[in-house]
Amino acid sequence: QVDVTAMARLFGYVDVTDSGFIAAVLSIAFNPLFWNVVARWEHKTRALSQVFGSPRTACCCLGAVILLLNGVRSHCFTEAMKSQPRLEGLDCHWGYYSGLAILAIGTLFVISSFLALGFTGTFLGDYFGILMEAKVTSFPFSVLDNPMYWGSTAVYLGWALM
């Protein structure tokens, strides 16, 4: 027999039928799926580079689409957080400031990753044949293997706690 009390308690705090929650889950799942499929397709076919006239222009356009999708994802996430029940234990100053600290650390990792990689390095330039001269090993890559992913996760966790 399986003890499902922990899952039952979790679902008592999360309304999985809420349309905002569903939109957030779908946008969170869709974004990396979309950009990875498009980037791999470009790597195999070079179709976007041909349509846009150059790999750099195509990469910048994909980067703009990714940024737009991330804006939609952030909006969906924010709306979902507004409509979900709040945990009483986190609805206090320490919960807010803990979330703010986690968000700040995540933002540090995301921004420093972007600065270390540049626009095309951040937005899948290697799939377009735009390669960096050397592997980036400076901060934050000297601290974490995937600082952009960890940073983004921390941003959303901090946001949720706040």
Side-chain angles (χ1 to χ4, degrees), residues 1-44 59 61-127 135-162:
Q1 290 189 354
V2 177
D3 184 14
V4 295
T5 55
M7 284 303 277
R9 287 182 60 196
L10 175 65
F11 283 121
Y13 290 111
V14 178
D15 181 7
V16 295
T17 63
D18 177 55
S19 61
F21 179 82
I22 293 168
V25 168
L26 290 175
S27 66
I28 289 167
F30 174 77
N31 286 7
L33 177 67
F34 168 79
W35 72 61
N36 279 294
V37 167
V38 171
R40 289 170 193 262
W41 175 67
E42 167 63 16
H43 184 68
K44 284 184 178 183
C59 181
C61 288
L62 178 60
V65 171
I66 291 170
L67 287 171
L68 178 67
L69 288 172
N70 286 344
V72 171
R73 177 185 62 192
S74 294
H75 173 75
C76 290
F77 182 84
T78 301
E79 293 304 309
M81 288 295 100
K82 288 179 185 176
S83 67
Q84 292 296 311
R86 295 183 65 112
L87 289 173
E88 290 179 24
L90 293 176
D91 199 13
C92 60
H93 289 299
W94 74 264
Y96 177 83
Y97 289 116
S98 296
L100 187 61
I102 293 169
L103 186 141
I105 291 167
T107 301
L108 172 69
F109 282 124
V110 169
I111 291 173
S112 60
S113 296
F114 179 81
L115 293 174
L117 294 172
F119 192 89
T120 57
T122 300
F123 294 106
L124 307 167
D126 51 336
Y127 287 91
K135 182 178 178 178
V136 177
T137 57
S138 61
F139 182 82
F141 294 92
S142 60
V143 178
L144 293 170
D145 283 337
N146 300 296
M148 186 75 73
Y149 292 126
W150 285 109
S152 294
T153 302
V155 165
Y156 285 104
L157 173 62
W159 206 341
L161 289 172
M162 291 172 62

Enquirer: Closest approach of R86 and M162, non-hydrogen atoms and distance?
Expert: NH2-O, 3.6 Å

Enquirer: What side-chain donor-acceptor pairs closer than 3.5 Å can you find for residues 150-161, not counting sequence neighbours?
Expert:
residue	atom	partner	partner atom	Å
S152	OG	M148	O	3.0
T153	OG1	Y149	O	2.9
Y156	OH	R73	NE	3.2
Y156	OH	S74	OG	2.7

Enquirer: More than 12 foreign heavy atoms under 6.0 Å from CG of D91: is that the case here?
Expert: yes

Enquirer: Using modelled atom types only, decide if a donor and an acceptor are shared between the side chain of N31 and the backbone of L69 within a distance under 3.5 Å.
Expert: yes

Enquirer: With rounding to the nearest 0.5 angstrom, report the CZ to CG distance, F21 to D15.
Expert: 8.5 Å

Enquirer: To the nearest 0.5 angstrom, please state how far the NZ atom of K82 sits from the CG atom of D18.
Expert: 12.5 Å

Enquirer: Within this structure, what is the CD1-SG distance for the pair I66 and C61, rounded to the nearest 0.5 Å?
Expert: 11.5 Å

Enquirer: Would you mind writing out the side-chain donor-acceptor pairs for residues 93-106 within the sub-3.5 Å range, not counting sequence neighbours?
Expert:
residue	atom	partner	partner atom	Å
S98	OG	W94	O	2.6

Enquirer: Report the distance from atom CD1 of I22 to atom SG of C76, rounding to the nearest 0.5 Å.
Expert: 11.5 Å

Enquirer: Can you tell me how far apart CG (L108) and CZ (F139) are? Round to the nearest 0.5 Å.
Expert: 4.5 Å

Enquirer: Rounded to the nearest 0.5 Å, what separation is found between the SG atom of C59 and the OH atom of Y127?
Expert: 12.0 Å

Enquirer: If every non-hydrogen atom of A116 is compared with every non-hydrogen atom of F141, which pair is closest and at what distance?
Expert: CB-CE1, 4.0 Å

Enquirer: Side chains of L62 and F123: closer than 4.5 Å at any heavy-atom pair?
Expert: no

